[in-house]
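Each chain gets a letter, A, B and so on, in the order the sequences are listed, and its residues count up from 1. What you see is a predicted model; the values in this text were computed from it and never measured.
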2 protein chains.
Amino acid sequence: MKHLGPTIRDVAKAAGVSITTVSRVLNQYTDVNPKTRQKVLKVVEKMGYQPNSVARSLVMNRTQTVGLVVSDLTKSRSGHHFLFDVLCGINDRAQEMGYDLVLFSTSPTAQKKTTYMDFVRQRRVDGVVMMGIRLDDPYTHEVVEASIPSVLIDVPLTSKTCSYVASDNVAGARIAVEHLLSQGHRHIGFVNGHQQAAVAQERLAGYTQALAGAGVKFISDYVYYGNFEQEDGAQGVQSLKKKHPEISAVFFASDLMAIGAIKYIQSEGGQVPKDLSIVGFDDIALASLMQPALTTVRQMRYEMGKSAVDTLIRMLENGETGRGVVLPPELIVRETTQPFTK
Amino acid sequence: MKHLGPTIRDVAKAAGVSITTVSRVLNQYTDVNPKTRQKVLKVVEKMGYQPNSVARSLVMNRTQTVGLVVSDLTKSRSGHHFLFDVLCGINDRAQEMGYDLVLFSTSPTAQKKTTYMDFVRQRRVDGVVMMGIRLDDPYTHEVVEASIPSVLIDVPLTSKTCSYVASDNVAGARIAVEHLLSQGHRHIGFVNGHQQAAVAQERLAGYTQALAGAGVKFISDYVYYGNFEQEDGAQGVQSLKKKHPEISAVFFASDLMAIGAIKYIQSEGGQVPKDLSIVGFDDIALASLMQPALTTVRQMRYEMGKSAVDTLIRMLENGETGRGVVLPPELIVRETTQPFTK
DNA sequence: CTGTTAGCGCGTTCAT
DNA sequence: ATGAACGCGCTAACAG
């Protein structure tokens with residue numbers, strides 16, 4: 001495992017110039033003789049020289065690297081569908097902007113052992129994008145106070161060095177529920193995510209707003225808290241329908257829960273939307289493939305990823321301070337909702 | 001944006017020892033006085049010192065980083081379901097072993113511009129895991145000849161520095177087709193992936209083996225080549241059934257294609273498995289949620305990821321040479337297959 | 001325009 | 001058991 005290639009010194013020697021000069025042409029400095037530049041460039045080309053980014057990072061004190069930290073990447077099966085698209089957006093944009101992407105997953109337990117700043121300092125990433133994080137994760141608040149720029153996905157917190165990117169979850173939930181209301185439903189259940197998810201709180205707000213807008217009374221017992229997973233959806237409807245048989249429609253905070261619910265209803269011999277109208281949230285790939293196809297609220301996942309990197313880089317390179325970016329959701333009406341019939 | 005923390009020098013000063021000594025205790029050297037060690041450790045603790053991994057990488061000429069290069073990460077929608085789980089496995093194991101994971105996506109065009117070795121040398125990763133790569137991607141053969149260790153996912157090539165991890169695709173296809181045969185089907189179509197996918201070639205082999213084993217004649221016109229995507233599945237059955245109405249069962253090289261086919265058949269008023277028995281490949285999450293639930297061949301995706309990292313690290317740290325790791329697939333019988341009825 | 005000189009933070013001989 | 005000195009490959013003043 002020795003040298004994998006020539007160093008800047010080898011190039012300098014071969015070109016008959018100093019190291020500095022080589023460095024200059026490589027870094028687009030203008031004050032270098034065109035002829036020298038050509039000569040150097042030719043040697044670089046011939047030797048197949050590639051600058052050692054580690055050495056450069058050391059001296060520049062910048063790694064051109066962004067860290068993507070995900071909480072419990074593996075465990076949250078629900079997350080996959082959402083995370084992957086965001087990841088793609090992040091990766092694509094980072095690459096475009098000349099940054100490398102380093103992936104980390106943390107768990108709440110790991111977060112107790114290593115502080116966020118230790119974590120970041122050790123890795124020397126220039127900035128961080130965090131996703132899948134809960135409000136009560138230890139890192140959450142460390143991040144906003146950290147001195148290194150960060151962007152949170154789906155957690156609306158900002159500071160001088162911390163921005164966020166999220167869907168407009170309030171609006172998303174509202175249009176979902178308004179859709180149900182417009183179809184005549186008046187007893188609308190809500191299977192939410194866990195309370196430590198910022199999005200869950202926002203979607204609850206959207207739910208109540210929609211009800212209020214239609215003059216329908218909010219009944220807190222119509223709200224069930226799950227964990228975004230399929231099983232939670234099944235349990236959610238089951239619980240809701242048992243206690244409140246008058247419920248004719250349910251809004252779910254994730255497609256996966258909605259799907260779990262549909263499966264459950266079907267397994268009990270029921271039919272969707274005949275027996276219950278259902279709206280999900282996310283528009284994951286499965287949504288359109290379900291039988292019946294799921295009516296849901298689409299999030300711009302890929303764009304969230306891109307936007308996160310854009311925001312991060314603006315803080316990194318232009319010194320901008322933290323801000324929030326909110327992306328619009330979109331109602332996708334498919335087959336799991338139908339007008340209320342007594 | 002200057003110092004984010006103390007350097008080894010600060011620690012040395014504060015502890016009243018030399019840099020060397022600090023370095024020694026940090027790197028588990030034994031020849032250091034227990035009392036000095038304690039003193040240093042205490043200072044390290046108190047100052048919250050974190051070694052600068054960049055500096056260490058420079059001097060050690062190792063980055064403790066593995067690169068994950070994926071071909072067309074974003075574009076291959078079919079890949080998501082497969083890639084993500086593998087990614088999780090890779091990430092988890094890399095983290096366990098103390099390596100960071102850097103994510104890259106390449107495209108065939110990008111591969112024409114930058115050679116693989118340039119790519120790797122620039123990033124200074126210690127090793128590479130590649131996935132989603134085609135046999136005709138430029139990188140494919142550069143990788144096996146490269147001087148830095150690598151592991152290919154799903155491409156059975158080895159060299160001194162290159163290993164691979166894959167499912168036993170021949171066996172997987174064989175058990176799928178044997179299942180169909182055992183149900184009495186004799187006219188079995190095969191919607192394969194594109195020919196530049198190693199797995200496609202292998203699955204074809206498994207398909208023909210199974211037929212041969214049952215004394216059923218192989219008809220090359222029963223094989224359709226798609227691109228692993230949903231649409232390809234729909235087109236595949238359509239084409240196959242039109243030309244060969246006698247076909248009573250079809251094996252698909254990906255679940256997504258199988259699902260596309262089911263959707264197509266249903267949209268035409270047909271029924272699965274009554275009108276056509278179907279077996280997929282992968283066992284993605286959708287498979288069990290489909291209506292009817294998809295019979296398929298499960299791949300150990302997460303384990304493939306873990307295994308890839310294990311293999312890579314054995315080459316990296318023990319100097320082992322390239323080898324192949326083949327994981328067993330498993331037939332998951334669900335609802336899309338039924339015995340042949342005249 | 002170009003070369004010389006200093007480091008960046010750390011691991012590593014080689015003395016002591 | 002410990003420290004001084006050197007160098008990893010590169011960028012950035014500072015002369016000329």
Side-chain angles (χ1 to χ4, degrees), chain A residues 1-41 43-44 47-65 118 120-126, chain B residues 1-41 43-44 47-65 118 120-126:
Chain A
M1 301 291 173
K2 8 36 319 253
H3 278 227
L4 299 94
T7 74
I8 196 174
R9 186 152 32 232
D10 301 326
V11 175
K13 203 162 296 173
V17 298
S18 77
I19 291 183
T20 314
T21 304
V22 176
S23 178
R24 283 204 182 89
V25 343
L26 261 35
N27 293 296
Q28 329 289 4
Y29 279 61
T30 51
D31 58 342
V32 52
N33 188 309
K35 305 192 66 164
T36 336
R37 151 164 282 127
Q38 288 315 314
K39 187 171 48 177
V40 170
L41 250 22
V43 175
V44 163
M47 303 182 76
Y49 169 72
Q50 289 292 127
N52 182 329
S53 61
V54 174
R56 170 181 280 158
S57 294
L58 181 60
V59 65
M60 307 255 284
N61 203 30
R62 289 182 95 256
T63 53
Q64 288 288 0
T65 289
D118 282 352
V120 167
R121 279 219 310 267
Q122 226 262 42
R123 260 67 176 217
R124 302 282 140 164
V125 295
D126 292 340
Chain B
M1 304 286 175
K2 349 68 300 261
H3 278 226
L4 300 94
T7 74
I8 195 173
R9 188 157 25 235
D10 301 325
V11 175
K13 204 162 298 173
V17 297
S18 77
I19 291 183
T20 313
T21 303
V22 178
S23 177
R24 281 204 183 89
V25 344
L26 262 34
N27 293 293
Q28 329 289 3
Y29 278 60
T30 51
D31 57 344
V32 50
N33 190 309
K35 307 193 65 165
T36 342
R37 150 164 284 127
Q38 288 316 313
K39 187 171 48 176
V40 170
L41 251 22
V43 175
V44 163
M47 303 182 76
Y49 168 71
Q50 288 293 127
N52 182 328
S53 62
V54 174
R56 170 181 278 159
S57 295
L58 181 60
V59 65
M60 306 256 284
N61 202 30
R62 288 182 99 255
T63 53
Q64 289 286 3
T65 289
D118 282 352
V120 168
R121 278 219 310 267
Q122 227 263 43
R123 261 67 176 215
R124 302 281 142 164
V125 294
D126 293 340

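- Within the 3.5 Å criterion, the main-chain N or O of Thr7(B) finds a donor-acceptor partner in the side chain of Asp10(B).
- A straight line from CZ of Arg24(B) to C1' of dG3(D) spans 8 Å, rounded to a whole angstrom.
- Between the CG atom of Asn27(A) and the P atom of dC10(D) there is a distance of 10 Å, rounded to whole Å.
- Computed from coordinates, the Met60(B) CE to dT13(C) P distance equals 12 Å when rounded to whole Å.
- Atom CD of Gln122(B) is separated from atom C1' of dG9(D) by 13 Å (rounded to the nearest Å).
- Ser57(A) comes within contact range of no nucleotide atom at all, as no heavy-atom separation falls under 4.0 Å.
- Between the CD atom of Gln64(A) and the C1' atom of dC10(D) there is a distance of 15 Å, given to the nearest Å.
- When the nucleotides dT11(D), dT2(D), dG9(C) are ranked by their closest atom to the side chain of Thr21(B), dT2(D) comes out on top.
- Contact annotation: Ser18(A) reaches the phosphate of dG3(C) (side-chain N/O to OP1 or OP2, under 4.0 Å).
- Using a 4.0 Å cut-off, no side-chain N or O of Asn52(A) falls inside it from OP1 or OP2 of dC8(D).
- Under 4.0 angstrom from either OP1 or OP2 of dC8(C) there lies at least one side-chain N or O belonging to Arg9(B).
- In this structure, the side chain of Asp126(B) does not engage the main chain of Arg62(B) through any donor-acceptor pair within 3.5 Å.
- Closest to the side chain of Asn33(B), out of dC10(D), dT2(D), dT2(C), is dT2(D).
- Comparing Pro34(B) and Leu58(B), the nucleotide of DNA chain D nearest to each residue sits closer to the 5' end for Pro34(B).
- A donor-acceptor pair under 3.5 Å links the side-chain atoms of Ser57(A) to the main chain of Ser53(A), judged by distance alone.
- Expressed to the nearest 0.5 Å, how far CD of Gln64(B) lies from CZ of Arg124(B) amounts to 15.5 Å.
- Gln50(A) places its CD atom 15 Å from the C1' atom of dC10(D), with the value rounded to the nearest Å.
- The interatomic distance linking Gln28(A) (CD) with dT11(D) (C1') rounds to 14 Å, in whole Å.
- Across all strands shown, Ile19(B) has no heavy atoms under 4.0 Å from either base or sugar-phosphate atoms.
- Heavy atoms of Thr20(B) sit under 4.0 angstrom from at least one base atom.
- Distances shorter than 4.0 Å separate none of the side-chain N or O atoms of Tyr29(A) from OP1 or OP2 on dA13(D).
- Taking the nucleotide of DNA chain C with the nearest heavy atom to each of Val32(A) and Arg124(A), the more 5' of the two is matched to Val32(A).
- Among the heavy atoms of the strands lying under 4.0 Å from Asp31(B) is at least one base atom, whether or not backbone atoms are also near.
- Look at Tyr49(B) and you won't find any side-chain N or O under 4.0 angstrom from OP1 or OP2 of dG9(C).
- Using a 4.0 Å heavy-atom criterion, one finds that Val17(B) contacts the sugar-phosphate atoms exclusively.
- By the 6.0 Å contact criterion, NZ on Lys39(A) is enclosed, its count of non-hydrogen atoms from other residues, nucleotides or ligands being greater than 12.
- Under the 3.5 Å distance criterion, the side-chain polar atoms of Thr21(B) are left unmatched by any main-chain donor or acceptor of Ile19(B).
- Atom CD in Gln38(A) sits about 12 Å away from atom P in dT2(C), given to the nearest Å.
- Dashed line: the shortest gap from a side-chain N or O of Ser23(B) to OP1 or OP2 of dG11(C) is under 4.0 Å.
- The base of dG11(C) has none of its N or O atoms less than 3.5 Å from a complementary donor or acceptor on the side chain of Arg62(B).
- Residue Arg56(A) places at least one side-chain N or O closer than 4.0 Å to OP1 or OP2 of dT11(D).
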